Structure formats: structure tokens, C-alpha cells
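Structure first, then comments.
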Amino acid sequence: MSRELSMASRREITKKFAREYAKAGKVEKSRLLDELVHATGWTRDHARRAIRAANSRKGAASQQQRKPRPRKYSYDALVVLQEVWRLSGQPSGKYLAAIMDDTLERLVRFRELGKVEPRLTPEVLNEVQSMSAATIDRYLKPHKDAAYPIALSGTKPSHILRSSVPTRTSMDAPLTTAGFLELDTVAHCGHTLKGEFLRTLTGTDPVAGWTMLRTIRNNAYVHIHGALEWMRSHAPVPVAGVDFDNGSEFMNWGVIAWADTHEIPVTRGRPYKHNDNAHVEQRNGDWVRRHAFRYRYETKHEMDLLNELWGLVMARKNYLLPCVKAVDWAHTKAGRKKRIYDAPRTPYQRLLDAGVLDTKTTDRLTREHETLNPAQITRRITQIQQQLIELAAARTQGTRPAA
């Protein structure tokens, strides 16, 4: 019953119980609390607090308004927070809180805070560093814009080779060794799949979170092969296996022969089961769609801009912005299952923690990490995005289906 009650209904019920509760003896109060717990689903302690507070309310419970929470942080701290969030790539509060100290240190060291730098007093610095993830999300909510049009899928099912490629599902034991790649392509088609348009190949390591992006002319094997070779040569650890969906760009003899040549095991997900490739599907949305939008790209110039953009996105996301991993399941008090995640860590940190890098690669990644300026990366990303919008907006508008 409690799951069907609104909060206003719970308050009304509590108000009715409160009248009897105020006049009742010890035994009767215990009985009333039991009934209130059964009706609302609250814990006994919470029900006791609520029934006592209800006696002090005037008027109907549905008309009660919460007293606004006093602002804990100064206006200067909020302005600095907004600038740090913008310059670091607009991550969520959970991730921004985890990298706040490192990001602030970099922005101050590179003198990138610009017009808000005079506001960054020691007191304001302490305020920003002490903000929790929930507080960051709450204060930044008016500045977030998640309005994106619906994307189209360019995946075409391939029945060739399907029976000979083993499946890997979301129910299988999780991977524990870095180097495995989930692969997928994103179609930069705008609002129609007609004609030729660019594609971006996404490869992500489910263990470390390290992700690589490469835009190609189309899904022809020669371009897919070139992107796979690029990823193999740029991966921080040797590729230990690849997994993809049932699209024809992967399910063909050429890709299988490439994997056999390099002794790379191949698996596939089940048709129409996106959870089998959940990691790369998430990267398609958060990395590719979020930064390249839903426009239609066709030309060589646009492909070059996209690949320059991906270099900046990979630097920011792999080195500077953390991600979390699901590590276990738990149950809520209501008996529902929920995921347990580990502490936010960047893919770069996860690779170092795993101890799978050789000395040469570790030194190279460390040097790259030390030189990264998040504000400079954000500025160049914004410039490229503006160029892509100017190049593709009119073309994309022309492909929009009639209402």
C-alpha cells in the first residue's frame, strides 16, 4: 500500500494519527505507530518523528511548504564552481567532486580561471573543495542542458559467421584483465540513413575504462581495418580480445581474418541485447554523441576535425575525468536489488593500479598526464564543435523528415 501513497497522502494520514497519539497512553501509542508504519512504509523511528511533528502543523498537510534551506556556500564559490565545471568538460557532480582538487590545482597552475580568479580566496577554495557530489549537482542544475534529438542506428544485422562466433552476454562473469575491447560504430547521419556519411569507431576497455575513438569514411572493410589497426597500435596494453554487436561492419570474413592474424579472440553480443555491450554503448552517448552532436558529417575536412576532436576528448576523459565500475549487488530495505559501484577513478589511474603497463608506456602516459591543461582542451573542443556546427547544420536541417 505504501508504494501507492504520495508524500502528501502520508502527511494527511500522519496528521490523523497525531490527534490520537497526543492523547494516548504508552500501549496505545505503540499500536498507533505500528499502524502508521504499516500504512506508510516508514521505519518506526521516522514514523515517531513524523507523528510528533504533525502536531505542530497548521492546516492541511498538502498545503505545507518546506522552509527553504539556507544557502551554505557563498556566491563567489558558486561562480568558481560553474567555471571549473565548464572548463573540466561539464562532468556530473559525482565525478567532479572526485577530481576537484586535481582540477583546481591545474587550472590555478595554468592560470586558466580568468575573470573568476580574483574570487578564488582561500575561503572560497575551501568551500569549493568541500562540496559534496549532490551539492554540486544541485547548484549546477540550472546550467545543464541535456536536450538532444533522438539518434538513428546504422547497425544492420549480419547472419554470416554468426554461428561460428561465440557470444558474450551481460550475465557472464565480469572481465578482470585490462586489454579487452568492446567495439561499436556511431553513424553521423543526421536524420536519415540515406547516402554516404562518416562513422566513428568506438573501442572501450570494460576493466580500465580506457576508450579510443576514430572517425572513418564509411563502414567498408578497408576503413574498419584501418581504424582497428590504429586502435591496436595506440592501445596502452596489448589487445587481449574484441567484442562487438551483430552488425555487418564487424561480422565479415575480413575482420575475423584480421583478428586471427593478430591472435585476438573474438566474441559477439546477442541481437537486440544492448546490455551485452553496455560499456561501449555508454561511451557512444557520453563521448561521441555529446561532443559531436547529432549532425550529418560527410566530407574529408569534417573527418579530420572529428579525429582532432577525439584526440582532445580522449585526453580529457582518459586522463582527467573519473568513471565508476559496478562491483557488486546489494538489496535495499524494501528488498529491491541495487548496484554497488567503486570509488571514482580515471582510466589512467585504473591502468596504473592494475600494474599491466610496461615501464616505457608508464613513462609516456605519465608525461602526457602532467602536461594536460583542462581549460586549453575545453577551448579547443569548443572551437572544433563550432566549426562542425557551421559545416553541418544546414545539411542536417535539410535531411530532417517533414512533420
Side-chain angles (χ1 to χ4, degrees), residues 2-4 7 41-43 46 85 88-100 102 131-141 144 146 148 151 153 167-184 186 202-212 240-245 267-290 313 316-354 356:
S2 61
R3 293 180 182 177
E4 301 174 359
M7 187 57 67
W42 289 336
T43 64
H46 181 77
W85 173 71
S88 60
Q90 304 178 359
S92 68
K94 178 188 294 186
Y95 298 148
L96 184 56
I99 61 169
M100 183 64 77
D102 178 71
M131 288 183 182
S132 68
T135 298
I136 291 172
D137 282 332
R138 185 168 64 252
Y139 283 131
L140 290 177
K141 185 176 181 182
K144 293 183 177 180
Y148 292 103
S153 171
T167 59
R168 185 180 69 92
T169 75
S170 57
M171 304 304 293
D172 292 344
L175 297 167
T176 57
T177 304
F180 189 88
L181 291 180
E182 287 186 6
L183 301 175
D184 198 12
V186 176
T202 307
T204 187
D205 184 335
V207 176
W210 190 275
T211 299
M212 295 173 288
V242 294
D243 180 78
F244 38 71
D245 58 23
T267 57
R268 63 178 178 86
R270 296 168 294 177
Y272 312 111
K273 301 291 185 181
H274 294 294
N275 278 351
D276 289 352
N277 310 93
H279 302 87
V280 72
E281 293 287 352
Q282 189 274 337
R283 296 303 194 275
N284 285 342
D286 186 47
W287 290 45
V288 181
R289 293 298 188 190
R290 181 178 177 185
V313 171
R316 183 164 70 182
K317 291 280 195 176
N318 284 329
Y319 287 102
L320 301 179
L321 293 183
C323 56
V324 295
K325 285 181 56 181
V327 294
D328 204 352
W329 288 95
H331 289 83
T332 64
K333 292 183 179 179
R336 297 178 180 176
K337 290 182 68 176
K338 70 173 183 179
R339 271 295 200 180
I340 296 178
Y341 296 89
D342 63 3
R345 301 279 286 170
T346 65
Y348 165 70
Q349 291 170 329
R350 292 182 187 276
L351 281 176
L352 294 182
D353 294 343
V356 295

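As the structure is a prediction and not an experimental result, all values here were calculated from the model.
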Next item on the list: Report the residues that fulfil side chain to side chain contact (heavy atoms under 4.5 Å, CB included) with A240, sequence neighbours left out, ordered by chain and then residue number.
Entry: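 By the side chain to side chain contact (heavy atoms under 4.5 Å, CB included) rule, A240 matches no residue at all.
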Next item on the list: State which residue, out of R270, E281, E182, fulfils the side-chain contact (heavy atoms from CB on, under 4.5 Å) condition with D276.
Entry: R270
4.5 Å side-chain heavy-atom contact, [X] and [Y]:
X: T135; Y: Y139; result: yes
X: Y341; Y: V327; result: no
X: L96; Y: S88; result: yes
X: W85; Y: I136; result: no
X: V186; Y: R289; result: yes
X: T204; Y: L181; result: no
X: C323; Y: P347; result: yes

Next item on the list: Taking atom types as modelled, find out whether T202 and N284 have a side-chain donor-acceptor pair closer than 3.5 angstrom.
Entry: yes
Next item on the list: Only counting residues at least two apart or in another chain, list the ones meeting ring-ring contact (aromatic ring centres under 6.0 Å, His included) with Y348.
Entry: Y319, H369
Item checked: Any donor-acceptor N/O pair, D137 side chain to G93 backbone, under 3.5 Å -> yes
Margin query: Determine whether a donor-acceptor pair (N or O, by modelled atom type, separation under 3.5 Å) exists between the side chain of K325 and the backbone of V207.
Written below: yes
Next item on the list: Go through R290 and Q90 one step at a time and tell me if the side chain to side chain contact (heavy atoms under 4.5 Å, CB included) criterion holds.
Entry: CA-CA 11 Å; R290 181 178 177 185; Q90 304 178 359; 3.0 Å; yes
Margin query: Once salt bridge (Lys or Arg N to Asp or Glu O under 4.0 Å) is applied, what residue pairs with a partner in residues 338-351 remain, sequence neighbours excluded?
Written below: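 Every pair satisfying salt bridge (Lys or Arg N to Asp or Glu O under 4.0 Å) with a residue in residues 338-351: D342-R350, R345-D353.
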Notebook entry, point to check: Going by an N to O cut-off under 4.0 Å, is there a salt bridge joining K317 and D286?
Noted result: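 Salt bridge: yes.
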Next item on the list: Step by step, work out the side chain to side chain contact (heavy atoms under 4.5 Å, CB included) result for F180 and D243.
Entry: CA-CA 8 Å; F180 189 88; D243 180 78; 3.5 Å; yes
Margin query: side chain to side chain contact (heavy atoms under 4.5 Å, CB included) for L321 and R316? Distances and angles first, verdict last.
Written below: CA-CA 6 Å; L321 293 183; R316 183 164 70 182; 4.0 Å; yes
